[in-house]
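Just so it is clear: chains get the letters A, B, ... in the order the sequence lines come, proteins before strands, and each one is counted from 1.
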Amino acid sequence: MPGLEDLYREIILDHYRSPRNRGELPSPPAHRVEGFNPLCGDEVVVSLDVADGQLRDIKLAGSGCSISQSSGSLMSAAVKGKPIDEVRELIRVFKTMMSVHEASLGDDRTTGAEDSPAEPEPVDVSKLGELAALQGVVKFPVRIKCATLSWNALTQGLDELASA
Amino acid sequence: MPGLEDLYREIILDHYRSPRNRGELPSPPAHRVEGFNPLCGDEVVVSLDVADGQLRDIKLAGSGCSISQSSGSLMSAAVKGKPIDEVRELIRVFKTMMSVHEASLGDDRTTGAEDSPAEPEPVDVSKLGELAALQGVVKFPVRIKCATLSWNALTQGLDELASA
Amino acid sequence: MTVHDPIDVEVIRKDFPLLTRTVHDRPIVYLDSASSSLQPRQVLAAMDHYYETTHANVHRGVYATAEGATELYEGARRKVGRFIGAPDPKREIVFTKNATEALNLVANSWGRSNLAKGDVVVLTEMEHHANLVPWLMLAESIGLSLRYLPIDGQGRLDLSDLDRIVDGAKVVALSAMSNVLGTINPVPTIAEAAHRAGAVVVVDGAQSVPHLPTNVTTLGADFLAFSAHKMEGPTGIGVLWGRAELLAAMPPFLGGGGMILDVSLEGFTPAEPPWRFEAGTPPIAEAVGLAAAVDYLTGVGMEHIVAHERLITTYAIEALHERLGPDCTIFGPPPGGDRGGVLSLAYRDVHAHDLAQVLDQFGVCVRPGHHCAKPLMRKLGVTATARASIGLYNDERDIDTLIEGLNHVGTVFG
Amino acid sequence: MTVHDPIDVEVIRKDFPLLTRTVHDRPIVYLDSASSSLQPRQVLAAMDHYYETTHANVHRGVYATAEGATELYEGARRKVGRFIGAPDPKREIVFTKNATEALNLVANSWGRSNLAKGDVVVLTEMEHHANLVPWLMLAESIGLSLRYLPIDGQGRLDLSDLDRIVDGAKVVALSAMSNVLGTINPVPTIAEAAHRAGAVVVVDGAQSVPHLPTNVTTLGADFLAFSAHKMEGPTGIGVLWGRAELLAAMPPFLGGGGMILDVSLEGFTPAEPPWRFEAGTPPIAEAVGLAAAVDYLTGVGMEHIVAHERLITTYAIEALHERLGPDCTIFGPPPGGDRGGVLSLAYRDVHAHDLAQVLDQFGVCVRPGHHCAKPLMRKLGVTATARASIGLYNDERDIDTLIEGLNHVGTVFG
Ligand SMILES: Cc1ncc(COP(=O)(O)O)c(C=O)c1O
Ligand SMILES: Cc1ncc(COP(=O)(O)O)c(C=O)c1O
């Protein structure tokens, strides 16, 4: 039975209390994406300033729980200033850590052997830096949606920019 | 547990095999009413020739089970040539015998004391003549709808004529 | 003054198997009955007994079990009808899959045949999405004008402008009790004004029917919707009560078996209500379970349930205030006659999701979120609350554990 | 040639509590699985266990039982999806209240957003009202042109004119197996022609999914509807499978909680499929029961079920012919690969209702009536048949008792 300390690590509480890159960028020129978690009412607004294959600036607004807020803050710190493909790779690694099953909420691991999907590929947590603190969220399946909220908005924003 | 002999009395089987007043009257001038039993597909067409407060002629067409056919045949024999108020009274007595709960299919008697409605008034079966043979149907609640099919069509026809 | 509790909670709790389970090594404290109540073993036994002895499809069989199943199903209809004081239980109770379908049925069947572009529908600012989205969908489709009865600072409906707001309305649709604020709305007063204005009154009773004695006539309702799973019954069944004349004039909603009089390749004739509105195989075992739930509630006594829940609600509000002071906010009215047992809480600035997470470690089940009332959340200026809601099986100790958990939130989020 | 029965019926029967009951002092002979199957104790136990340990509303709770309930509910979705070979079980399975609601959902949501006045919808002459009335209602509302694939003298679809009939059609909607004739329709062939013509293929699998291994891809279906209560599962839940792209482009059907992304007083944004189509509290315990039923059927093996039921069906058809001769008519195809275990019977000129009544005295459950297929009845020139239908728990002795009862009909109606 996972305890609260797995979820509420110190880094997470710190980013929750003092979120980095808080706010919105003027849009245009920045690109603006909104994300909702219909299950709990959390909302996030991600503003992206992308140029020359680089995520030059990112800001987050909105409101939500400690997990969605700190995940957004940790994300912004990790991706700001990075080339887009590095950002994409980070997203991939992060979402793999979050076990990719978040869309179904109840995920396969818990419903018996014959329900199990192929094992997810192992994640090289070292690539994630401070983001690794969010690993404990996986033990609380309902909270995975909180942790991935801003990441999904970021992905959507990058996709929209790529196809624009 | 009621046995088949309660249901399939000799008079009933006789009226089933040789239905009285079979057919349709030309309409107009006769009044024509259709009845369906949506539960089993039984259909009845009742033709009424009413004049001077009297049911001068009645014919029945359609198809159905032994109970709906014999009940229709017995009804036609009982009402043909009668004054309308006598017909109405006969309908009332017959429907009382059929326990008036047929619309709900499952009727209250069988679902426990606290479910019981007020006792239905006792029926003077002697008024019913041959129709009393249909009394056994009450023990087979599902078949009550069969027994009342043509009676409901007759009632509807009289109502339509009264309000025309 | 000590108030006598007419319910012996220890006895009641023995009927609810789920209350014997532990969570994180603590006894479960179930404070989420507004989402879904627990089921007493009597309800489960009734459904098992049905499946084990009497299961068959209804309405079309002459053999013994089919007849038995039909009797149980139609008997459930009458029992539910009597429970809410329906004038004609046999014809006025439609079984649906949940309260939501019941409200969609009204909006679609009654709505599409009685409303036209520009017609006014009055709702309230505290509606559950179930009594909001169907009207928004209808508005989008045929062009209605929606008006809202506002709420005041204590979470009550502000009726100062009632007559003007309902003036010219064709429908007034409102919840009898808020699933967020616990407010018990003055439905009879509003229904009277609505009827004076010529409107039809649709009451969302999802929260009120399980917790208050209900009589559709004194309520002044034309339609009433509720769900079995919030009143100690099973999932998978809801109820629409409608006045017989209204139902009789309504076109079918879903089409299929059981709701027709005749069908050809060119068209069909619908059956009479209530069957007209029950297409396909109905929730038979669920109706049996709902009837058993009604027996259970009636056995305990709805008056006793009200009194007990009011006692616990008052205890909760007072204890939260006394022991947590300004750290804890409770939305909705203060204890009193119009205060039901739904407590939407905020604790400092900790998000509802985090509150519920910490409380879970104490075995306490509260629900975080917008409770399917996003417009109300916006009005309250929050995105979510943590909602503790009270059922007939809750007692003071449950509230004490809730407060113990909330105190621990302070420790975690310091 | 003796054919090996892969199922040990004596063992299977022990799982079905209802089969131990007697009717009129005779052991029950349940031959009405096409109306509704019986439920094995494993299904009842799964639902009881759910209610006793894990019940909570889904999707909005973080506490342990709410998370557990959500996992069970979403797990059931995936299990059902895999059972019918859905490419993307998680997103393509919508839980409804029954097969009927599933078909109404397609006609309303997909239909209203993709069809316009004059568009052609192809059905068959053997459809159940559930796959007929929703299209008739839609036709009445927006003005469709309905065409029907005819049946031949043996109760098979006559495909000689298939290409012409589906030409220009937007929808081809048909039953995979007839609930009256037992005909297993060549859905893949028809779907191919339909797709060539650009039509969407809606398959009513209410009779086929319980009795035949199902794969939506080899079937060529775009939508597939079925009900739990006909496949050893509980009442109160049905399934719509739809191709992910189609579901994604469809507007919501019912509005309420759980199907939205956002709601304001002015409008709303719907959630993704499948949740978009599940308004209100879903049939949670019923999904758990359905998952247990799928486990049960998979445990026995769908291939074994087909083989067993074919054996009993063939025995029944041959024995009825041999022992009753021309007194007994069986509608539908002769034994063979496209012959399912639904036997619509006529005995001399005795009405189906009377047949069923006499059979009831022998403990035999058969269903008299039009079986919600009135147009087919007219085509067959009857108003009703007595339908005996076979499930995995039936054996030769059940058929022998059926014949014993039919012989007695001769005595009564002599
Ligand atoms: C072929 C067919 N389609 C649809 C249905 C409707 O199923 P339900 O009544 O469970 O909605 C049935 C069963 O009655 C059926 O046999
Ligand atoms: C006030 C209110 N209305 C309607 C509903 C919808 O009930 P259901 O989800 O059972 O359809 C609920 C419960 O969620 C509610 O609280």
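For the residue pair C/Thr22/C/Asp25, the side-chain donor-acceptor check at 3.5 Å is not satisfied. With 3.5 Å as the limit, one finds no donor-acceptor pair spanning the side chains of C/His370 and C/Thr383. For the residue pair C/Tyr73 and C/Glu278, a side-chain donor N or O sits within less than 3.5 Å of a side-chain acceptor on the partner. Between the side chains of C/Thr385 and C/Arg367, no donor-acceptor pair is found at a separation under 3.5 Å.
With hydrogens and angles ignored, the 3.5 Å screen pairs no side-chain donor or acceptor of C/Asp360 with any backbone N or O of C/Ala356. Of the possible donor and acceptor atoms, one in the side chain of D/Thr20 sits under 3.5 Å from a partner among the backbone N and O of D/Pro17. No donor-acceptor pair closer than 3.5 Å links the side chain of C/Ser33 to the backbone N or O of C/Ser36. The backbone N or O of C/Met47 lies less than 3.5 Å from no partner atom in the side chain of C/His49, so there is not a single donor-acceptor pair. Side chain of D/Thr70 to main chain of D/Ala66: a donor-acceptor pair is present (N/O by atom type, distance under 3.5 Å, no hydrogens or angles).
D/Asp262 touches chain C through backbone and side chain together, each having a heavy atom under 4.5 Å away. In this structure, chain C has no heavy atom under 4.5 Å from any part of D/Val43. For chain D, the nearby part of C/Gln39 is the side chain; its heavy atoms alone come within less than 4.5 Å. Looking at D/Leu19, neither its backbone nor its side chain comes within 4.5 Å of chain C, counting heavy atoms on both sides. For a residue to count as touching a neighbouring chain, one of its non-hydrogen atoms must lie under 4.5 Å from one of that chain's; by this rule D/Val58 touches chain C with the backbone only. When heavy atoms are compared at a cutoff of 4.5 Å, C/Ile28 approaches chain D solely by way of its side chain, counted from C-beta outward. At a 4.5 Å heavy-atom cutoff, the contact between D/Asn57 and chain C is made by backbone and side-chain atoms alike. Both the backbone and the side chain of D/Leu265 come within less than 4.5 Å of a heavy atom in chain C. Proximity to chain C (any heavy atom under 4.5 Å) is shown, for D/Glu52, by both the backbone and the side chain. Only the side chain of D/Leu132 comes within contact range of chain C, with at least one heavy atom under 4.5 Å from a heavy atom of that chain.
In terms of heavy-atom pairs under 4.5 angstrom with chain D, the leader among C/Pro251, C/Gly363, C/Ala279 is C/Ala279. Considering only heavy-atom pairs separated by less than 4.5 Å from chain D, the leading option among C/Arg41, C/Arg21, C/His55, C/Glu140 is C/His55. Taking chain C as the reference chain and counting heavy-atom pairs below 4.5 Å, the highest number among D/Leu146, D/Leu44, D/Thr235, D/Leu254 is found for D/Thr235. Highest contact tally toward chain D, considering only C/Ala64, C/Cys365, C/Gly238, is held by C/Cys365 [criterion: heavy-atom pairs under 4.5 Å]. Of the residues considered (D/Tyr51, D/Phe268, D/Phe95, D/Trp135), D/Tyr51 shows the highest number of contacts with chain C, using heavy-atom pairs under 4.5 Å. Counting heavy-atom pairs closer than 4.5 Å to chain C, the top-ranked of the candidates D/Tyr148, D/Phe253, D/Phe16 is D/Tyr148. The choice from C/Leu359, C/Val366, C/Leu136, C/Leu38 that makes the most heavy-atom pairs within less than 4.5 Å of chain D is C/Leu136. Between chain D and the residues C/His129, C/Glu125, C/Lys230, the largest count of heavy-atom pairs under 4.5 Å involves C/His129. No other option in C/Pro375, C/Ser37, C/Ala287, C/Gly61 has as many heavy-atom pairs under 4.5 Å with chain D as C/Pro375. Note: D/Ile260 leads D/Ile237, D/Val364, D/Ile260, D/Leu105 in heavy-atom pairs under 4.5 Å with chain C. For the set D/Gln357, D/Glu127, D/His229, the entry with the most heavy-atom pairs within less than 4.5 Å of chain C is D/His229. In terms of heavy-atom pairs under 4.5 Å with chain C, the best-connected choice from D/Leu376, D/Thr96, D/Leu103, D/Thr65 is D/Thr65.
The side chain to side chain contact (heavy atoms under 4.5 Å, CB included) search around D/Gln42 returns D/Asp15, D/Pro40, D/Tyr296, not counting sequence neighbours. Listed by chain and residue number, C/Ala206, C/Ser227 satisfy the side chain to side chain contact (heavy atoms under 4.5 Å, CB included) test with C/Ala99 (two or more places apart in sequence, or in another chain).
In plain terms, the two heavy atoms of C/Met259 and C/Pro252 that are nearest each other are CE-CB, 3.4 Å.
Between C/Tyr30 and D/Tyr63, the ring planes are perpendicular. Angles over 60° get that label, and only those under 30° would be called parallel.
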